[in-house]
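Reckoned from all heavy atoms, side chains included, excluding hydrogens, waters and symmetry mates. Just so it is clear, the structure is predicted and the values come from calculations on it, not from any experiment.
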Amino acid sequence: MSNESRILLTIITEAALEAPLCADLDELGATGYTITNARGRGNRGIRDAGWSSDSNIRIEIVCDEKTSDRIVARVRDRYYDDYAMILFISDVRVLRPQKF
């Protein structure tokens, strides 16, 4: 079974950003992503998804390092100052590397 290293980039942010972030991901070369609803508490208070304007999403992108760097730069430049958002990166091993 073949496996290779990739980057897992996770973005947790306001649900209102889903459409523009998806457009950015497509433009920057992400071959796919997974979006789920997210709840929690942080420095901006509790985000319980009770109202759509208060809900959060979690976007996970498995990609190579160059694509991850492009996405991080875009998100940092366009969204960090005005939206509740965190990003983190993990090294992962994928079993079907041709998909990423």
Side-chain angles (χ1 to χ4, degrees):
M1 185 175 342
S2 174
N3 64 61
E4 293 182 19
S5 294
R6 294 291 187 273
I7 300 293
L8 170 60
L9 172 60
T10 303
I11 304 169
I12 301 174
T13 192
E14 301 172 33
L17 291 179
E18 183 172 342
L21 280 172
C22 288
D24 288 338
L25 296 175
D26 292 340
E27 179 185 332
L28 296 169
T31 59
Y33 44 83
T34 299
I35 301 173
T36 55
N37 292 321
R39 297 183 311 275
R41 183 172 100 38
N43 67 349
R44 294 186 185 217
I46 294 175
R47 308 287 287 188
D48 65 3
W51 297 91
S52 61
S53 62
D54 288 335
S55 63
N56 280 349
I57 56 173
R58 177 184 181 119
I59 305 173
E60 296 175 301
I61 307 108
V62 176
C63 57
D64 60 34
E65 188 172 0
K66 289 180 182 181
T67 303
S68 174
D69 290 345
R70 287 193 304 269
I71 294 168
V72 168
R74 171 76 59 92
V75 168
R76 182 185 57 233
D77 294 345
R78 285 195 179 172
Y79 305 106
Y80 264 18
D81 290 341
D82 299 316
Y83 298 94
M85 175 178 286
I86 63 169
L87 275 74
F88 53 93
I89 296 172
S90 306
D91 292 322
V92 295
R93 306 285 292 170
V94 296
L95 299 177
R96 294 172 58 186
Q98 68 277 10
K99 295 196 55 91
F100 306 98

Looking at side-chain heavy atoms only, is the closest gap between Ile59 and Leu25 below 4.5 Å? yes
Please identify each residue that fulfils salt bridge (charged side-chain N to carboxylate O under 4.0 Å, His left out) with Glu18, with sequence neighbours left out. none
Is the shortest heavy-atom distance from the side chain of Leu17 to the side chain of Tyr83 under 4.5 Å? yes
Keeping Arg6 on the side-chain end and Pro97 on the backbone end, is there a donor-acceptor pair under 3.5 Å? yes
For residues 87-94, dump all side-chain donor-acceptor pairs below 3.5 Å to protein atoms at least two apart in sequence or in another chain.
residue: Arg93; atom: NE; partner: Asn3; partner atom: OD1; Å: 3.1
residue: Arg93; atom: NH1; partner: Ser5; partner atom: OG; Å: 2.7
residue: Arg93; atom: NH2; partner: Asn3; partner atom: OD1; Å: 2.5

Between Ile57 and Thr36, is any pair of side-chain heavy atoms under 4.5 Å apart? no
Validation row: Ile71, Asp24 side chains within 4.5 angstrom (heavy atoms): no
Considering residues at least two apart in sequence or located in another chain, which fulfil the side chain to side chain contact (heavy atoms under 4.5 Å, CB included) criterion with Asp69? Glu65
The salt bridge (charged side-chain N to carboxylate O under 4.0 Å, His left out) partners of Arg70 (sequence neighbours excluded) come to none
Residue pair Met85 / Leu21: nearest heavy atoms and the distance that separates them: CE-CD1, 4.4 Å
Nearest non-hydrogen partners of Ile35 and Cys22, listed with the distance: CD1-SG, 3.5 Å
Side-chain donor-acceptor distances from residues 26-34 under 3.5 Å, at least two apart:
residue: Glu27; atom: OE2; partner: Arg74; partner atom: NH2; Å: 3.0
residue: Thr31; atom: OG1; partner: Lys99; partner atom: O; Å: 3.4

Set of side chain to side chain contact (heavy atoms under 4.5 Å, CB included) partners for Arg76, sequence neighbours left out: Val72, Ala73, Tyr80
Give the cluster check for Ile61 versus Val75: same hydrophobic cluster or not, with ILVMFWY residues linked at side-chain heavy-atom distances below 4.5 Å. yes
Quick check for you: to the nearest 0.5 Å, what is the distance between Thr10 atom OG1 and Arg58 atom CZ? 5.0 Å
For the atom pair CD (Glu14) and CG (Asp82), what is the distance rounded to the nearest 0.5 Å? 9.5 Å
Nearest non-hydrogen partners of Cys63 and Ser68, listed with the distance: SG-N, 3.7 Å
